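Lettering follows sequence order; numbering is per chain, from 1. Note that the structure is predicted; figures quoted are calculated from it, not measured.
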Protein chains: 2
Amino acid sequence: MPTLSMQDYAKALYVLEQRQPGRISTSALASYLDLSPAAVTEMLHRMAKVQPPLVDYRPRRGARLTTEGQRLALRMLRRHRLLERFLHDVLGFPLEQVHTEAERLEHAVSDAFIQRLAAWMGEPKSDPHGHPIPGPDLQPPDAPGRPFRSLAPDARAQVVQVCDRDPEQLRRLAALGLRPGQRFRVLERDPYEPVFRIRLEPQGTEVLVGPRLAAALRVEPLATEASSS
Amino acid sequence: MPTLSMQDYAKALYVLEQRQPGRISTSALASYLDLSPAAVTEMLHRMAKVQPPLVDYRPRRGARLTTEGQRLALRMLRRHRLLERFLHDVLGFPLEQVHTEAERLEHAVSDAFIQRLAAWMGEPKSDPHGHPIPGPDLQPPDAPGRPFRSLAPDARAQVVQVCDRDPEQLRRLAALGLRPGQRFRVLERDPYEPVFRIRLEPQGTEVLVGPRLAAALRVEPLATEASSS
DNA sequence: AACAAAATTTAGGCAACCCGAAATCCACGC
DNA sequence: GCGTGGATTTCGGGTTGCCTAAATTTTGTT
């Protein structure tokens, strides 16, 4: 509901570029952020015009983060994930609520706040959804696995990351018993838009599974911390 | 630096009305918030027009909070002071920095956040400056003492509240050894704009002392937790 | 009571962000 | 090689908050 800032756009560009490397189109960003393409075009112009520029924007051929823009995105991602960790672990917010709360907070906290909070919490390395938290140096964290690997029925899998942008879905997933770290065997699925990352048991590969997963994917929970293979 | 909202105006009106009961003039609010009178006039109009109205505004004769406006102010004050407590006690922010940080955070946190934070911290009753924290019911906290009592030289006093709006001054005061709870004997002062509340030792009365205090007031630190009388 | 000074409000502008509609551009099919 | 549909950008508007300058009311004199 609050109006979005350059930071939000940078974060979105970073996430989208992770999914699908290369330039991000105006419409892709617009639909991800749920804004009109016109609004995105304008903002991209602004982001290309500030000093230092945050994006390399070429009209009609999309945008891509500059090094500076990437640092900004990673700074916001670090804030977001650290805050989620705090909200969940310390204040006890349920998993479906931490994203929305962190989304508002990440714009209000200072670097000093984040530095102190991280130290106080013992420098956590991942958020409660399983996403890695960028370090203070703002280096891109290891991308654990590539998106869009195939997830065949009957494969065994473990949830590595859960997308935190859709509370409704998080609730449905929780109802299915899907939590980070949880292992599964895949029974059936509809390969569509990626939403969360799953590690396949035998090969150790990872995949992203789509938003319609709750409806399309059938899994069989296995023991959580079972031995390997 | 960020633009102010109705919440900020409500908080300011509440604080000013505490100091000096009655309608608050446009210029008093403008100088307190460091804005042009024109900006204040506009916002007062908006606050009188929303449903339910937050202020009772009569052109050219100032404004006063409605019950609804007062509740808003107290909600923000509760957030602010609770956050200051957290920043200081948990994250270890120095006293001079907590105000600025809380000022930004108080707009980003939800009621659920505040409810959980307060519970987690054990429902603290005052902020690190000594201001009382309004309860979840948002009843006006006891106003401890009336402003503008006279503070005669040679009186013994104890700092009850320290104004948190001026970091520079907080630093100077800290240098003088002035902290909440600290007792003093007053040696000399210039009675001017109130800044912090001091409890006089023999009478138990309280006064507010002005921003130029560091330059004008001379006090003699006494034992902090000495016996009564 | 009449005025000038002080306080306040109105008017005109600016900066961020957003939207819908109209104008453009590009690329693919024929 | 030429349409044409889909993506993108441009244009005209709208909102919130703030500012300066000008207009207006109130206040405090004398």
Side-chain angles (χ1 to χ4, degrees), chain A residues 1-13 16-17 20 22-65 69 72-73 76 103-104 106-108 193, chain B residues 1-13 16-17 19-20 22-51 53-65 69 72-73 76 103-104 106-108 193:
Chain A
M1 192 94 295
T3 181
L4 302 185
S5 61
M6 289 188 187
Q7 284 103 66
D8 300 293
Y9 283 76
K11 235 179 24 167
L13 283 167
L16 290 175
E17 202 165 327
Q20 184 78 60
R23 292 191 167 280
I24 307 300
S25 72
T26 301
S27 51
L29 234 198
S31 85
Y32 181 79
L33 293 174
D34 199 25
L35 295 174
S36 71
V40 171
T41 298
E42 262 181 35
M43 181 58 101
L44 254 17
H45 271 125
R46 278 194 289 269
M47 291 175 78
K49 206 169 35 175
V50 294
Q51 282 310 322
L54 297 172
V55 299
D56 163 22
Y57 170 57
R58 320 219 324 237
R60 293 178 200 276
R61 50 191 63 252
R64 148 181 284 173
L65 288 174
L72 177 58
M76 298 312 287
E103 196 78 357
R104 265 178 296 108
E106 68 191 19
H107 297 289
E193 299 183 41
Chain B
M1 192 96 295
T3 178
L4 303 185
S5 61
M6 289 188 187
Q7 285 102 66
D8 301 292
Y9 283 77
K11 234 179 25 169
L13 281 167
L16 290 176
E17 202 165 325
R19 283 193 192 167
Q20 182 80 61
R23 290 191 168 282
I24 307 301
S25 72
T26 301
S27 50
L29 196 48
S31 85
Y32 182 79
L33 294 173
D34 199 25
L35 294 174
S36 72
V40 171
T41 299
E42 264 181 33
M43 181 58 99
L44 253 18
H45 270 127
R46 281 195 288 268
M47 292 176 78
K49 205 169 38 174
V50 293
Q51 283 308 324
L54 296 172
V55 299
D56 162 24
Y57 171 55
R58 327 231 306 245
R60 292 175 202 276
R61 49 194 62 255
R64 146 181 286 171
L65 287 175
L72 177 60
M76 298 312 287
E103 195 79 356
R104 266 177 295 108
E106 66 190 20
H107 296 291
E193 297 184 45

Peer 1: Contact class for B/T3 vs. all strands (heavy atom < 4.0 Å): base, sugar-phosphate, or nothing?
Peer 2: sugar-phosphate
Peer 1: So, for B/A10 and B/G69, which heavy atoms are closest and what is the spacing to 0.1 Å?
Peer 2: CB-O, 4.0 Å
Peer 1: Rounded to whole angstrom units, what separation is found between the CD1 atom of A/I24 and the C1' atom of D/dA7?
Peer 2: 16 Å
Peer 1: Could you check how far CG of A/L4 sits from P of C/dC19, rounded to whole Å?
Peer 2: 9 Å
Peer 1: What is the distance from atom CG of B/L4 to atom CD of B/E103, rounded to the nearest 0.5 Å?
Peer 2: 8.0 Å
Peer 1: What is the distance, rounded to the nearest whole Å, between atom CG of B/L33 and atom P of D/dG17?
Peer 2: 13 Å
Peer 1: When rounded to the nearest 0.5 angstrom, what distance separates CG in B/L44 from CE in B/M6?
Peer 2: 10.0 Å
Peer 1: Using the side chain to side chain contact (heavy atoms under 4.5 Å, CB included) rule, pick out the option among B/L29, B/L33, B/L65 that qualifies with B/L16.
Peer 2: B/L29
Peer 1: What is the separation between atom CE on B/M6 and atom P on D/dC18, rounded to the nearest whole Å?
Peer 2: 11 Å
Peer 1: Rounding to a whole Å, what distance do you find between B/L35:CG and D/dT20:C1'?
Peer 2: 14 Å
Peer 1: Please pick, from D/dT8, D/dT9, C/dT8, the nucleotide with the shortest atom-to-atom distance to any side-chain atom of A/Y57.
Peer 2: D/dT9
Peer 1: Specify the residues of residues 37-47 of chain B, ordered by number, for which at least one heavy atom lies under 4.0 angstrom from an atom of DNA chain C.
Peer 2: B/P37, B/A38, B/T41, B/H45
Peer 1: Of all the choices, C/dC25, C/dT8, C/dC19, which nucleotide is nearest to the side chain of A/R60 once you look at every atom?
Peer 2: C/dC25
Peer 1: Give the rounded distance in Å between these two atoms: OH of A/Y9 and C1' of C/dC18.
Peer 2: 8 Å
Peer 1: Could you pull out the closest heavy-atom pair between A/R23 and A/R58, with the gap in Å?
Peer 2: NH2-NH1, 2.9 Å
Peer 1: Ignoring hydrogens and geometry, is there a side-chain-to-backbone donor-acceptor pair from A/R104 to B/H107 under 3.5 Å?
Peer 2: no
Peer 1: Take atom NZ of A/K49 and atom P of C/dA15, then tell me their distance rounded to the nearest Å.
Peer 2: 10 Å
Peer 1: From the options D/dT9, C/dC17, C/dT8, select the nucleotide whose nearest atom is closest to the side chain of A/S5.
Peer 2: C/dC17
Peer 1: Is A/S25 near enough to D/dA7 that one of its side-chain N or O atoms lies under 4.0 angstrom from OP1 or OP2?
Peer 2: no
Peer 1: Looking only at non-hydrogen atoms, find the nearest pair between B/P53 and B/A48 and report the distance.
Peer 2: CB-O, 3.6 Å
Peer 1: Separation of B/D8 atom CG from D/dG17 atom C1', in whole Å?
Peer 2: 12 Å
